[in-house]
Amino acid sequence: MHRLWNRVDFAFSSAWQNFWRNAAVSIASVLIVWVVLLALGSLLLVLHSLDQIVALEKTKASAISVYLADTTPLSSAMDFKLHLESDPRVTAVTYVSKDQAMARFRQLPALDPSVIDTLGTNPLPASLDVTVRDIRDLGAIDQEVRNSPLVDKSPSTNYEPNVIDKIILLARVAGIAGLVLIVGLTGLSVFIIMLTIRTAIYLRRKEIEVMKLVGATDWFVRWPFIVEGLFVGVVGAVVAVLIVGFGYRPAVVNLQSVLIFVPLSFDQYYLRLVLAAMLLFGLLLGSVGSYLGVRRFLKQ
Amino acid sequence: MATVMPAVPQISLQGVHKKYPNGTVALRDVTLVIPKQDFVFLVGPSGAGKSTLVRLLIREEKVTAGKIHVEGQDLSRLKRRHLPYLRRKIGMVFQDFKLLPNLSVFQNVAFALRVTEGALRHLKPKVEEVLSIVGLEGKENKFPDQLSGGEQQRVAIARALVHDPRIFLADEPTGNLDPATSWEIIQLLLQINARGTTVLMATHNREIVDVMRRRVVAIESGQIVRDEDAGGYHAPALESR
């Protein structure tokens, strides 16, 4: 127990001294770890938000809203509903009145209700929400309903064939660009941690010489440097975790107020996963960097 | 004196060759046996191979050919992970002391115990014990730059003694010291020898070797040219000139 404590105490106090003895290099390596993890955390959260949007759009994709002209009487609308329901390609049709449309609109996240109230009248059209068996039939139905005199002309439906493809493409591009950035930064941070450890070893070369001379084991000599690398990784990670942890909710709220029609939401559970991943990655950067730093020396 | 009874060899070199990667041949066919409790001067001009021999004994270098046994262990077969335990049986001092300037006298000695994970409960009494052996009581809190050369070498000797080594290697321990201080260090090495530790001292110090009349092993160009009990720095023929 005494020996273990001696080893731990020696490793930690030496690592602490090393860290401050070459403070400039140590702080540079903490900064680079911080940047890598900040980028990693942000990327994971952005990709997750894009995923959320894609998932929601997919469930919406099998349905279109056919907007009815304000002049269309309710009886004609009901006839039109029956006509659509008799179509074998259609599974369900729901009538949404102007008031219901307004109620839905008010529920959009982060939309200021007072903005709607200033409009005075309700500008939203009533609609028939048509759900189809096969997404590929949506285009044909869209074309058919556009010709009906009952249907509003601007716009007739909310059919947007390319929106999902565009979101998926955006998610893919963001993912690849982010991955390239993170791989590059990871390499750079491992390299800088390695330099930090090498500098620490250089500054302590006399001490190491004495340690080896009096019979310290290789691992006893190595531990302080490994602890220093882990220390760099953890400090960088903790700072990044705090920023992402506290910044995610305000960021989502701000984006919701700007992108009011984009279904962004705050995901507490996913955030915890991301923070844990960041901390682990920080430890990994620290240990790989220090492993590479100490690998060459002590080997003769 | 080692020849009176069949002494147990504590250090033995058999046909040792050492060639450095740059092609320099430092030792050629060196055979040497040092029994327990012997006191040996290793003499010879600079570059003769004295330091190489010392480095081979703590396996800072490996032999190119031949065998070295220390404390019954074949050094060429010794696994790297067992090396630290061999070094704890060997105390070493150098011409340049190799003290850590930012540690006090006490800390410099305690450092050797700490990094070898000795029992920390006995750390303080052990450090005090070896500091009193070398006569540095009362200087525990001084730093190396506050000490004379002789005192610094005493700290290095105290550090080498904390593991109660069975072998004491000194590579030019008086090289940086004035004659009076050198004698004090020699007296200390004699004391250590008298306590049962084998001492091997590589030196240039002719006066000391001549006065002491101990076993002398002379090396020139990597070969042992003379090995005599109660010898002088130079061979008798040279001395008579």
Name the region of [X], side chain, backbone, both or neither, that has any atom closer than 4.5 Å to a heavy atom of chain A.
| X | answer |
| --- | --- |
| B/P165 | neither |
| B/L103 | neither |
| B/N102 | side chain |

(message) Parallel, tilted or perpendicular: which one describes the rings of A/W16 and A/F19, with boundaries at 30° and 60°?
(response) parallel

(request) Against chain B, label A/F10 side chain, backbone, both or neither, depending on which of its atoms sit under 4.5 Å from a heavy atom there. (result) both

Side chains of residues 28-49 of chain A: which donor-acceptor pairs under 3.5 Å do they make with residues two or more places apart or in other chains?
from	atom 1	to	atom 2	distance (Å)
A/S29	OG	A/V25	O	3.2
A/S29	OG	A/S26	O	2.7
A/S29	OG	A/T196	OG1	3.4
A/S42	OG	A/L38	O	2.6
A/H48	NE2	A/D267	OD2	2.8
A/S49	OG	A/L45	O	3.1

(message) Can you see whether B/Y20 has B/K18 sitting over its ring - NZ or CZ less than 6.0 Å from the centre and within 45° of the normal?
(response) yes

(request) Could I get the full list of ring-ring contact (aromatic ring centres under 6.0 Å, His included) partners for A/Y202, not counting sequence neighbours? (result) none

